[in-house]
Trainee: 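Would you mind keeping the following structure in view while I ask a few things?
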Amino acid sequence: MSGHRRVAVTSPQTRLAHARRRYRGPWRPATLDPAEAPLAVALYRRQRRLAATALGVACALVFGLPLLLAVLPSLDRLRVFDVPVSWLAVMVLPFPAMVVLAFWHLRRVEREEGALDDVGPDEALR
């Protein structure tokens with residue numbers, strides 16, 4: 001053994017980034033202007049309602065499809081390209097449907113934010 005000590009080599013930017021993270025105080029969320037707080041609460045409630053709707057539709061799709069296939073066993077006998085339609089429904093249908101649902105939800109939430117920007121504080125609280 002030569003007796004040399006191992007030394008960790010890092011770039012100066014890495015050392016600065018670690019030092020900044022270490023000495024920075026606790027993170028605090030930004031505070032809202034008291035006039036904007038009711039608008040933020042109203043927007044949160046609208047978006048939460050839209051999220052609950054999208055989640056309900058996704059759950060109905062994920063849990064309803066197997067139930068539908070259990071109720072309609074004739075889909076096992078029906079074949080497309082020698083593959084049962086029930087298998088195709090489970091493999092092909094859910095994921096594109098969830099992508100469409102995600103885009104629908106995103107557009108609705110953005111529309112709510114845009115509508116809130118267009119109205120005044122008194123109208124938004126209704």
Side-chain angles (χ1 to χ4, degrees):
M1 295 273 212
S2 62
H4 290 283
R5 211 174 130 202
R6 287 183 81 176
V7 177
V9 179
T10 59
S11 73
Q13 285 106 4
T14 304
R15 277 182 274 160
L16 287 174
H18 286 286
R20 257 188 257 126
R21 192 176 317 135
R22 209 172 317 143
Y23 297 119
R24 190 174 287 177
W27 178 81
R28 292 185 196 157
T31 57
L32 289 175
D33 183 26
E36 293 176 345
L39 295 175
V41 170
L43 179 63
Y44 171 74
R45 287 184 179 148
R46 288 179 185 172
Q47 289 180 345
R48 188 175 56 186
R49 189 175 28 226
L50 290 172
T53 303
L55 183 64
V57 171
C59 286
L61 174 72
V62 169
F63 294 114
L65 187 59
L67 292 175
L68 177 70
L69 295 174
V71 170
L72 297 174
S74 62
L75 294 178
D76 286 336
R77 291 186 295 275
L78 186 63
R79 295 183 176 270
V80 175
F81 299 114
D82 204 32
V83 177
V85 171
S86 60
W87 285 27
L88 286 174
V90 171
M91 293 178 356
V92 177
L93 183 67
F95 298 109
M98 284 190 266
V99 168
V100 169
L101 181 64
F103 278 116
W104 171 80
H105 175 67
L106 179 65
R107 297 298 172 235
R108 293 285 311 258
V109 167
E110 287 176 344
R111 192 177 313 139
E112 286 292 331
E113 287 178 358
L116 197 61
D117 291 340
D118 296 340
V119 299
D122 295 331
E123 295 173 25
L125 296 177
R126 291 185 195 153

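As the structure is a computational prediction, the values presented were derived from the model and not from experiment.
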Trainee: Between CZ of Arg48 and CG of Leu43, what distance do you get to the nearest 0.5 Å?
Mentor: 11.5 Å

Trainee: What pairs meet the salt bridge (Lys or Arg N to Asp or Glu O under 4.0 Å) rule with one or both residues in residues 77-93, with sequence neighbours excluded?
Mentor: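 Counting only pairs at least two positions apart or across chains, no salt bridge (Lys or Arg N to Asp or Glu O under 4.0 Å) contact touches residues 77-93.
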
Trainee: Grouping I, L, V, M, F, W and Y whenever their side-chain heavy atoms are under 4.5 Å apart, do Leu72 and Val85 come out in a common cluster?
Mentor: yes

Trainee: Using the salt bridge (Lys or Arg N to Asp or Glu O under 4.0 Å) rule, collect all pairs that involve residues 96-108, keeping only residues at least two apart or in two chains.
Mentor: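 Salt bridge (Lys or Arg N to Asp or Glu O under 4.0 Å) check on residues 96-108 returns Arg107-Glu110.
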
Trainee: Taking a hydrophobic cluster as the set of Ile, Leu, Val, Met, Phe, Trp and Tyr residues connected by side-chain heavy atoms closer than 4.5 Å, whether directly or through intermediates, do Phe95 and Leu61 fall within one such cluster?
Mentor: yes

Trainee: Are Trp104 and Leu106 grouped together when hydrophobic residues (ILVMFWY) are joined by side-chain heavy atoms under 4.5 angstrom apart?
Mentor: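 No, it is not one cluster - the side chains of Trp104 and Leu106 are not joined through contacts under 4.5 Å.
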
Trainee: Would Leu93 end up clustered with Leu101 when hydrophobic side chains under 4.5 Å apart are linked, directly or stepwise?
Mentor: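 No, Leu93 and Leu101 fall in different hydrophobic clusters.
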
Trainee: Identify the heavy atoms of Leu65 and Pro94 that sit nearest to each other, and give their distance.
Mentor: CD2-CG, 4.0 Å

Trainee: Shared ILVMFWY cluster between Leu69 and Val83, side chains joined below 4.5 angstrom?
Mentor: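 Result: yes, single cluster for both.
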
Trainee: Considering non-hydrogen atoms only, spot the tightest contact between Gln47 and His105 and give its length.
Mentor: O-CE1, 4.4 Å

